[in-house]
Trainee: 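Right, I'll just put the structure down here and ask away after.
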Amino acid sequence: MSHATSEMPYFIKPSKGLSPEEKKLAYEQVASDIHALTASETDVIMKMVSINCILKTHLPYYYWVGFYCVRDGALIVGPYQGTLGCLHIDFGKGVCGQVAESKKTMIVDDVHALIQGDQHIACDPNSQSEIVLPVFDSADKLIAVFDVDSSISHSFDHIDQHYLELILKESFAQATLTQTQLL
Ligand code: SME
């Protein structure tokens, strides 16, 4: 059954799938680029924006990629690349809210199979599949969830989970983190 989609802005391309071998090669490249660029940095926003950019550069099925940060017991949108992201998500709501509550990675092969507005929040109708992972700091405190959408169904699997868990652990759980106070 086809689902409603919307025209993609000029700067967004539809997702393009990769074979398992191509995925592993791309993730190996991504992991070493992120390490080279950010291993000696501490600023959490700097790490988040750099991780989004490097992943979206090397993985053509990444339609939307970004962080939802924990703020006062709920989630607010943080650094991301893609079409407009929802601003606020409650714990337990959508895939992001469920991961914030369970602190466990979720892979969704077909977002349209979920109850919209409850189990899934559609910020963009072009999103077809999704992976969301918890992000912990060195004190094992949940600081955010990391969300990736594809405009193709069944885009994410154990390879994505394996490498993304490694990258998030090295970047946030095994690092001293600081946050530049803007105000
Ligand atoms: N689909 C997510 C919301 C965020 S958008 O994908 C950017 C969810 O269900 O939680």
Side-chain angles (χ1 to χ4, degrees), residues 1-18 23 30 44-45 47-136 141-161 163-165 167-168 171-172:
M1 177 164 75
S2 68
H3 298 285
T5 59
S6 71
E7 201 189 329
M8 296 179 187
Y10 75 92
F11 62 95
I12 297 278
K13 289 206 198 97
S15 297
K16 185 174 132 330
L18 292 182
K23 262 193 187 184
V30 160
V44 71
I45 299 296
K47 286 174 175 269
M48 289 179 168
V49 292
S50 306
I51 288 169
N52 292 339
C53 180
I54 293 172
L55 282 163
K56 197 151 177 24
T57 302
H58 292 282
L59 294 154
Y61 54 96
Y62 276 44
Y63 177 75
W64 193 96
V65 54
F67 294 82
Y68 277 86
C69 303
V70 177
R71 187 71 74 241
D72 306 328
L75 296 171
I76 62 168
V77 73
Y80 69 87
Q81 290 209 358
T83 52
L84 202 57
C86 310
L87 302 185
H88 296 275
I89 298 177
D90 290 334
F91 274 39
K93 284 289 175 212
V95 184
C96 294
Q98 290 174 73
V99 169
E101 212 163 52
S102 69
K103 298 189 174 61
K104 294 211 169 14
T105 296
M106 277 180 74
I107 294 177
V108 180
D109 288 337
D110 174 7
V111 295
H112 299 288
L114 301 179
I115 302 170
Q116 298 306 306
D118 180 17
Q119 297 172 321
H120 176 253
I121 298 165
C123 306
D124 182 321
N126 293 309
S127 170
Q128 305 294 330
S129 59
E130 188 157 13
I131 184 170
V132 180
L133 307 96
V135 181
F136 301 102
K141 188 181 86 182
L142 185 80
I143 57 172
V145 297
F146 182 65
D147 178 20
V148 190
D149 294 62
S150 167
S151 63
I152 305 173
S153 70
H154 300 79
S155 287
F156 304 100
D157 58 22
H158 65 284
I159 300 170
D160 301 280
Q161 179 166 358
Y163 282 99
L164 290 174
E165 286 179 349
I167 289 165
L168 294 171
S171 300
F172 300 103

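First listed ligand is number 1; within each ligand, the first listed atom is number 1. Computed over heavy atoms, backbone and side chain alike; hydrogens, waters and symmetry mates excluded. Fair warning: this is a prediction, and the values are worked out from it, not measured in the lab.
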Trainee: Quick one, His112 with Ser153, criterion side chain to side chain contact (heavy atoms under 4.5 Å, CB included). Give me CA distance, side-chain angles, the key distance, then yes/no.
Mentor: CA-CA 10 Å; His112 299 288; Ser153 70; over 6 Å; no
Trainee: Who are the residue neighbours of ligand 1 when the rule is a heavy atom under 4.0 Å from any of its atoms?
Mentor: Trp64, Tyr68, Ile89, Gly94, Val95, Cys96, His120, Ile121, Cys123, Glu130, Asp147, Asp149
Trainee: Quick one, Glu165 with Thr105, criterion side chain to side chain donor-acceptor pair (under 3.5 Å). Give me CA distance, side-chain angles, the key distance, then yes/no.
Mentor: CA-CA 9 Å; Glu165 286 179 349; Thr105 296; 2.9 Å; yes
Trainee: Is there any salt bridge (Lys or Arg N to Asp or Glu O under 4.0 Å) pair reaching into residues 79-106, and which pairs are they, with sequence neighbours excluded?
Mentor: Lys93-Asp118
Trainee: For residues 64-75, which side-chain donor-acceptor pairs fall under 3.5 Å, sequence neighbours excluded?
Mentor:
from  : atom 1 : to    : atom 2 : distance (Å)
Trp64 : NE1    : Thr83 : O      : 2.8
Tyr68 : OH     : Cys86 : N      : 3.2
Tyr68 : OH     : Cys86 : O      : 2.8

Trainee: What I want to check is whether the side chains of Asn52 and Tyr80 have a donor and an acceptor closer together than 3.5 Å.
Mentor: no
Trainee: Strictly by salt bridge (Lys or Arg N to Asp or Glu O under 4.0 Å), give each pair with a member in residues 126-135 just once, sequence neighbours left out.
Mentor: none
